[in-house]
Each structure stands twice: as C-alpha cells, then as structure tokens.
Visitor: 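Just passing along the structure, written as structure tokens.
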Amino acid sequence: MGNKQTIFTAQQLFHRYRDLAPQLVPLDYTNHPDVKLPYELIGSMPELKDNPFRQRIAEVFSEDGEGNMTLDDFLDMFSVLSEMAPRDLKAYYAFKIYDFNNDDFICKSDLEKTLNKLTRNELTEDEVRMVCEKVIDEADLDNDGRLSLEDFQHMIVRAPDFLSTFHIRI
Amino acid sequence: MRRKTKLPGGVEEQTGRSWPRNVVAMMMRMKARMSLPRGREEEQPIRRKEAKPRTVMRRTVMWGKERRERREEGRKERRRKKKRRPRVRRTPLNSLTVVYAGFDSVCPFLPSSSDSNSNSSEEEESMSEGEMARLMEEVEEKKKLIANIRNKPWRMQRRLKLLKEAQEFVDKFEGALGKGKGRKWYAYKVMMTKKWIKFQRDFENFRTACIPWERKIKEVESHFGSSVASYFIFLRWMYGMNLVLFGFTFGLVVIPEVLMGLPYGSIPRKTVPRAEQDTAQDYSVLMDFNGYCKYSVLFYGYYNDQRTVGVLKFRLPLSYLMVGIGTFGYSLMLVIRTMAKNADVGGGDGEDSDFTFAWKMFTSWDYLIGNAETADNKYASITTSFKESIVDEQENQKDENIHLRRFLRVLANFLITCSLGGSGYLIYFVVKRSQEFATRDDLSWYEKNEMEIVMSLLGLVCPPLFETIAELEDYHPRIALKWQLGRIFALFLGNLYTFLFALFDEVNTKLEEEQSIKNASIWAMKEYYANYSRLMNDSEATPPPMDPADVIRGPCWETAVGIEFVKLTVSDIQVSYLTILIGDFARAVIVRFLNYCWCWDLEAGFPSYGEFDISGNVLGLVFNQGMIWMGAFYAPGLVGINVLRLLSSMYYQCWAVMATNVPHERVFKASKSNNFYMGLLLLVLFLSLLPVYKSTDINPKKRYMNGKDKMFDIIMETIDLDLPAFMGTLFSYAANPGLIIPAVLLMVLAIYYLNSVSEAYQNSNMELKKKMKMARDEEKNRRNNADTTNQVMKDLEDLLPNRSLIPPAPPEPEKPPEQEPKPKPTKTKPGTAGKGVNLQKDVALASSNPNARGPVSRPPGPRGPGPGPGAGPGRGRGRGPPPR
C-alpha cells in the first residue's frame, strides 16, 4: 500500500534528477554509475532557480562542496528539504547553508552575505551593519561574537515560520 | 561514483561479474575507515553491539541459516557475507527501487517510519524468558533506530544501509517473538494518518485559497509595508461585513417585496406622479435618484405597509424593522468580536520577541517559492520588513533631550487643538449663517454653497497641516499615524455634525409639508369622488379608483433622507475615485514622462510620486460606513451600492497603489491588530446610531407603519397578535422598570468584574514576560559549554570538527538506543572538497562537511562486528522495500 507511494517518490525524484540531463544519467543504477550533475543544471531547477541561496544549498548537499550532485546528494537534498524532515535536521542543514565560509560558525560576514542576498543589496551599509549586530546580539548565547550551531539551533527552533518556510515541495 | 557495494542491489551485480573489483573497493573502504576519524558516538554503539547481541545470537543460531553468519565478526565475516549473497534475481529495471528501498523511512517524505514488515515469521522456536526479553529489547532498539533514522544528519547511503539492517533484524525477530500480529491494523492506521495529514494540508490550502485578495494584499504589503496593507485588510474586512448586511437586507426585505409586494404603479407610493413622469427617465434625474429611482425598492417609501404580504404571509414591516435593528446589532457584535480577537493576537505576536532580527534573517525566505514574480515580491517584502524593524529599533535606541521633546509635543498638541477649535467654530458659524440664509431667497451662488465650500476647504487644508505640526512631535510613524487619525477624525466629526444638522432641518420642513399635503390629498380625493358622481350622475355607482399617478401625496421624508444618503455616498465614491485618478495617476504620469524634458528632476525633486495616504483612506472608509449605517434604514439599496463600491475600490486602489504610489519614506510596521481602526469604526457606529434612534423616536411613521405612532409599536403589535398571550405578559413584565434597572446594575457589575479580572491577567502576563526575559538573560550568561542533553544535538556536534566548546569526552558507558552500531565506521569527514575525491568515492556514507576536517584525535576504536545481527548477509532484500 504505502509501498507504492514510497517507491514512487523515490522514482519521481530520480526522474526529476534524470530529466535535468537525460544524456548524462543512465536509467540503470544497478552499477552505481559515477554520475554527477554540474551545479548549473541543479541550480536551474524550478524549485531552486529563484532561491537566493541555491548555490549554497547545492554546495552543502553536494559531496564535493562545489554544487555538483550525484543522485544520492540529490536525494539527500530533497529529503532534508522535504516537509517531513525533522526540525533538528533542517536546522542543522540550514546552519550549513547560511555558513558561507564553512568555518562552522555564522560570523558577521556570513550574516552580511545572507542579508544582502535576501534584500538584493537594497539596504544601506549602516542598516546592514545594524541588522547583523542585532542578530548576533539576539542569538549569540555565549558572547563570542558569532553564532555557533548551538546558538543557531536555539534560536531557530523557536522560530514559528522555520518549518513552514524551510522546505521544498516537489 | 561511490560504489554502493553494501547495498544488495549493487552487490549482486558486482559479485556476479567482477569479483576483483569488489575486493579492491573493499580494500579502499577499509583504508578509509582506518584513516578517518570517527565521532565518539559511533564507536560506542559499535562496541556495545558487538558485545550484547552476540549473546543473543548464540542462542538463536539454529533458527535460520542466516543466523549462522551473525556469529562471525570483523572483516572476514563481512567479506564472506558479500560472497554469499548472490541469490537474488532482479532485472536492472527496478534496480532503483531496490537500491532506494526504504527511502521513505530514511528521508521523511512520509509521516510514518517504523515499518516492520515482510512476513518472516518462520521461526517459531522456543526461547527462554531471558532471551525473549533481551531479544525484545534489541528489537525495540532497532525499532527506535528506524523511527529516528531520519533525524540523523547522515548521508543517504548510510541511512539506507542502517535502516535496512535494522529492518531486517526487526522483521526476523519480531516474527520470532510473535509480535507484529496487528501489522495490518497498524499499516491501516499509518495509512489513515498519512491520508489525514494530507487532507488537512489540502484543506488548509483550500481555506487559504478562499480568502479573497490575499495575493493582491500580499503584493501590496511586500512593496509598501504592512501599514499600507493594513488599510487593504481593513477594506476587505469591511467588504465581508457589508456582504452580510447586504445578504440580510436583500434576502429579508428587498426580495420579498419584489416577489410578493404590490407591483409598481398599484398605489400612489409606488408610482411616479403625473407631473414628474415626463422627466422620470432622464439621465440627470436618475443620477439624482429621483424619477423612477425614487419610487423603487431602493428606498423606504416603496415598501408595503400591510402587516403581511403574499401567500406566505411574510411580515414585511416587522422584517424591515428587524433588519434595521439587526444591521446595527450585527455590526456592533462583529466590530467588538474582531476587536477582542485582535487584542488576543496583539498580545501573542512576536512584536517584542527576542529574536526579531535573527528570525527575519534566517526564516523569512520561503524555500517554496518557485516563481520569479513571487520571488521578486518576496525580496521586496523582506527588504520592507527589515526596514520596518530597523525603524522600530532606531526608535528604541533613540535617546535625546527628553525635555525638548516633551515641550515640542505639548506645543504641537496645543497648535492642533487650536486649529481644531478654530475649525469647529468656523463650522458652527457657517451653520448658523446657513440657517439665516434658509429664510431668504436672494442668495448668491457662494452663499448657497457656503457650507459645502467651507467644509471641503477644511478637509483639504487641515490634514496636511496636522501632518506638518506632527513633525514636531517626532513620534514613531506608527504612533504618529494614530494621532493623525484621531485628529482628522475629530475634524470630520464637525463634518458629520453639519450634515446631520442639515438633515434634521430638512426632515422637519418635510414633516410640516407632509401634514399640509395630507389634508390636501384628502380634499382632492373627496373632490374626485364628488366630481365623479356629478359627472356620472349616478351616486350609487362606486367610482373607479383614482389613477395612482394623480393622487396628491406629500413628500416621504424617509425616502428623502434615503436619497440624501445615497447621493452622498455616490458623490463620495466619485470624489475619491477622481482624486486617485488625478492626484495619483495623473501626477505619476506627469512626473514619469515629463521628467525627460524638465529643468529639474521631477521624480526625486518637488512633485515626486504620491505616497499612499493611509489616514485619509481609512477615515474615508470609516465615515462612509457611518453613512451606510445611518442610511441603510431609509434606503435598503444603499447597502448594495456600498458593496459594489468596496468591491471596485479594492481592485482600483490596489492597482492605483501599485502603479502610481511610492512606499513611505519610513516604512513602518502596522500594529498587528487593526484595533485602532476598529475603535474608530465603533465610535462612528455609536454616532450613527444616535440620529437613527432619534428619528425613529420623534417622527411618527404613519404612512408606512400602518398608523402606528412609533416604529417600535410594530413589535408590540406582533407580540400581541401573533404570540400566545402569556408571551405578551412576559414582555410587559420584562419591560417593567423595576426589572430593567436591576438588570442594568447587574450588567454594570459584571463589566466591572470582568474588567478587573482582565487587568489581573494582564499584570500576571507582564510578570511572566519579565521572568522569561530574566531567564533568557541568565541563559545567555551561563556559557553552556557543558554537554547538551539533546541527543540529536550531540550527533550534529560530532559532525563538526574542531569543536572547541566540547572537550573530547570519554565514551559514555551507556548510549541511547538510537545510537545503533555502525557496521562500517564511515561517518567521517571526507576531507576538503578537492582533496579526497577518490577516497571519498569509496567512503560510502561520507558526511558532507566539505571543509576542513579536524585532525584525527583518537585512533579508530575497535571495529564493530560488521552489520548488525539482524542484517544477515544472506538476506539481500531483493523484494524491494518493505510494505507499510
């Protein structure tokens, strides 16, 4: 019963993946072919193409860190971004997405980047600085001037909208 | 890329064809495992698993042939298992299915997780109690793993593999334990849960889709901020309320009258008089709501005065009165209910939350957006909301000369009071003069229209003046808006006053006229009969009734009042639409296109584009509604006109604001509750209640109400005639002052009690808020570098290398059951992206942290016994994922 649906979802995802580049992705995955789709293809999916963080998403979920995805990475991405993924998992990956320089802390520069991506650089420098300071001030529990994963989770799990906005429907 | 040798699907193929390659791959994997660091939580379970399950296993060897393998441990076993596998026959076609079997449990597309299925209930051996218990424990652990596996930030492959193993184990031993009997029921339940969740979501979507203009308003909000959107939300609310009023009026009054009342032309009240008939269809006459309009269902005068109409014996007069009262009652109830609800929301919203900016930063982008236009709107709305919060924040941080500020505020209020008083006096003066003028005939055009001119001049000059003075106060724009609203409201009250004054004047003259005309009409009737009998010379014969068009009748003052209201509403619509067209649209066009050939920059310089005038629009709406409330009784059609107005206004203003206006300089957040607007509305409701009540009280409605002196007599009549006698006595008791006064007292007491209760709640609320704030500060101070209790957090932390906060803790002796042994300790840092691609390929379940991996801080612990006991090597799951 539920079985069918399940496979369907996985297969559906696979087809989505394959449709991005039918010439690259074989139908037969028995041999686990070594196939990667470049970021350009992943980022142009309708689900991602309008997302300001698409590059980060692809980078975080791809194994090579450059946005080139295997089928597994692809499945990973959509499973984490699916509606049913647990909050902590989502929070963890959200943290990675917003951690632009991969130093496991969200520091000021990460915040600035995030903000500028969100507002398309429409805020003045003063405003950006102020917002970043406020964010750190609000969420930084250990006063080290940057957000650790812990800080981030502490803050994000209380956010009312996090679960409803941090997912992609296929 | 990675070879999924662990997965049965892949294994078969590989072992079938290229054994050596498989071995190479395995060597690689071993190497990787050896060299890569592992999180401490991984070793732990492995070790334990090694120890514990094996004892169980030993007893159960004989159960099935798969059991045998479980005894072995270490690499040898794993290798052997691999070789033993090839017994599955599958076409490559459904390889995907098999490889990703259990995908749903691993990655949570579907709600349920623990699917212990596949009916392997072969083993029915006997076991001792202890074994049983241990086995059950084991099964429970596995089940927990299955349930929790999606919480782990592991790579897909690893999750799939672990899940498969756990599932196989559970399958096997659950059968052995005789559990899992209610599987069908369970599966059914799971399915229903899923369906239910889906249904709920669809229903939610449907409900959201049913809210009208949601997208339009969102669009406006994203560009102009919530303050402008609050006007449109208010407009929408107003539309909803008017729709209900419209439903009442039309369903209970207009339609019965049209269907069952006397047709047009049957009685004088329903006929255009002979003298007016020539012009009754002229456009200008109709636009003034005279002619045919005047004698139509739009107005009071048209309605029947019989006690019942039609075959259904519909009590039209009663229904008319009740609808009139119901309009007020419903509006009052709705306004108050909305206010209460809004107050609720206002208390609970995240206005003063601890994480305003952080949440905005990290949760405001909606990852669901897959449409360029929506994305644009979202960017705009995020920017706007940031700006709103920045304004709020700046307001908080502002500290300046408090004395100067106070002085300026007092001064501003003084100035505004002066100008309000001045305009009040001006209005009073003009009204007095107009009374004087009313008796004279030789008036110039100015003198005739003096009142209107003064009123519109005041309306034109004062609001900008107030706004300018309000600059002195330097309030937060949200508060400034409220002040502005209140002040203009006070000004408009003068407007209302003059209007009502003129109205009552007119009513009184109409009443006198009516009285005299009544006599005239009786006289005319007599004359008609006399003439008839004289002409016919037949005093016996009943004369045919007079043509209703010829009957002389007095002006129906109710209809006249109704016409006034309708005219006022229509002219209000025209004026406001024209203002938008000229003041906004034409201005925008000029600024936009003349800018190419102008001496200065029109867009940035003087005229610029208009801003959306929130206060003016809100007040316009509020006063318009007041007109509707006052006029609805005299002109049932007014409600319909108003509904049309609101409807068109929605589209028109939405378009106008998007096309011609620019956002405010300081975009500010509206208070979540529109309660200020609602308060104004409530005030207007009371104000409009007064004149209506007054008019029903002082003016007998002989013509309509069937000879009753007062309108409310119709209720008494209904009670007397239609209800059983005891009801009448009951009502007369209820109307006894001795009963009413205690009732009123009781209500006052109740209000007092509820008020003090709510105050107490508010106080305790504040206390709690304070406490929360303190707790948070404390939390902030306490640098929590200690172990977190959250298991998932631990998992996540372990993924991050270089956790300076977490000292490398010694492996804890006991682990929560989710920490299942990893058959292959592959959860390691794969290294930087460029560095170890090859290696990475073989590390089947490498985690994705592509950045610097920490140094290997500890040697790899003892390796687990390979796949868990449940995952017998021979049990390739060739049958696809387990049924749920």
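Proteins get letters first, then strands, A, B, ... in listed order; numbering begins at 1 in each.
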Visitor: Count the heavy atoms of every other residue, nucleotide or ligand shown that sit under 6.0 Å from NZ of B:Lys198, and state whether that count exceeds 12.
Guide: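 No.
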Visitor: Is A:Met130 in contact with chain B via its backbone, its side chain, both, or neither, using a 4.5 Å heavy-atom distance?
Guide: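 The side chain, not the backbone.
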Visitor: Against chain A, label B:Lys378 side chain, backbone, both or neither, depending on which of its atoms sit under 4.5 Å from a heavy atom there.
Guide: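 When you check distances to chain A, no heavy atom of B:Lys378 falls under 4.5 Å.
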Visitor: Can any side-chain N or O of A:Glu138 pair as donor or acceptor with the backbone N or O of B:Phe357 at less than 3.5 Å?
Guide: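 Between the backbone of B:Phe357 and the side chain of A:Glu138 there is a qualifying donor-acceptor contact (under 3.5 Å).
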Visitor: Less than 4.5 Å to any heavy atom of chain B: does that hold for the side chain of A:Phe162, its backbone, both, or neither?
Guide: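 Both parts, heavy atoms under 4.5 Å.
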Visitor: Which atoms of A:Leu163 are under 4.5 Å from chain B, going by heavy atoms: the side chain, the backbone, both sets, or neither?
Guide: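 Neither part, no heavy atoms under 4.5 Å.
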Visitor: For A:Ala94, is it the side chain, the backbone, both or neither that has a heavy atom under 4.5 Å from a heavy atom of chain B?
Guide: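 For A:Ala94, there is no contact with chain B at all, as no heavy atom is under 4.5 Å.
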Visitor: First locate atom OG1 of A:Thr119, then atom NZ of B:Lys387, and finally report the distance between them rounded to the nearest 0.5 Å.
Guide: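 Between A:Thr119 OG1 and B:Lys387 NZ, I get 9.0 Å after rounding to 0.5 Å.
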Visitor: Got a sec: does the CD of A:Glu125 have more than 12 other heavy atoms crowding it under 6.0 Å?
Guide: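 No.
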Visitor: Between A:Leu48 and chain B, which part of the residue has a heavy atom less than 4.5 Å away: side chain, backbone, both or neither?
Guide: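 No part of A:Leu48 comes within 4.5 Å of chain B.
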Visitor: Checking heavy atoms, do the side chain of B:Tyr379, its backbone, both or neither come under 4.5 Å from chain A?
Guide: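 Both parts, backbone and side chain.
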Visitor: Might you point out which heavy atoms bring A:Asp50 and B:Ala375 nearest each other, and give the distance in Å?
Guide: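 Between these two residues, the closest heavy atoms are CB-CB, 3.8 Å.
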Visitor: Under 3.5 Å, is there a donor-acceptor pair between the side chain of B:Trp359 and the main chain of A:Met155?
Guide: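 Here the side-chain-to-backbone pair exists.
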Visitor: Quick one: which of A:Leu123, A:Leu118, A:Leu147, A:Ile97 has the most heavy-atom pairs under 4.5 Å with chain B, could you say?
Guide: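 Highest number of pairs under 4.5 Å: A:Leu118.
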Visitor: Is A:Lys117 close to chain B through its backbone or its side chain, or both, or neither, when contacts mean heavy atoms under 4.5 Å?
Guide: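 For A:Lys117, backbone heavy atoms alone lie under 4.5 Å from chain B.
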Visitor: Please evaluate residues B:Asp376 and A:Arg120 with respect to the criterion side-chain contact (heavy atoms from CB on, under 4.5 Å), reporting the C-alpha separation (whole Å), side-chain torsions for both, the decisive distance (0.1 Å), and the verdict.
Guide: CA-CA 10 Å; B:Asp376 282 345; A:Arg120 288 188 172 160; 2.9 Å; yes
Visitor: Go through A:Thr114, A:Leu111, A:Ile156 and name the one with the most non-hydrogen pairs under 4.5 angstrom from chain B.
Guide: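 Option with the top pair count is A:Leu111.
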Visitor: Can you say whether A:Arg87 sits under 4.5 Å from chain B via the side chain, the backbone, both, or neither, judging by heavy atoms?
Guide: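 Interface part for A:Arg87: neither.
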Visitor: Atom OH of B:Tyr367 and atom CD of A:Glu47: how far apart are they, to the nearest 0.5 Å?
Guide: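 Answer rounded to 0.5 Å: 14.5 Å.
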Visitor: On a heavy-atom basis, which atom in B:Phe386 and which in A:Val131 lie closest, and how many Å separate them?
Guide: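 Here B:Phe386 and A:Val131 meet closest at CE2-CG1, 3.6 Å.
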Visitor: Please name the pair of heavy atoms, one in A:Ala159 and one in B:Thr363, separated by the smallest distance, quoted to 0.1 Å.
Guide: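 Of all heavy-atom pairs spanning A:Ala159 and B:Thr363, the closest is CB-CG2, 3.8 Å.
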Visitor: For the ring pair B:Phe362 and A:Phe95, is the centre-to-centre distance below 6.0 Å?
Guide: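 No; A:Phe95 has its ring centre 6.0 Å or more from that of B:Phe362.
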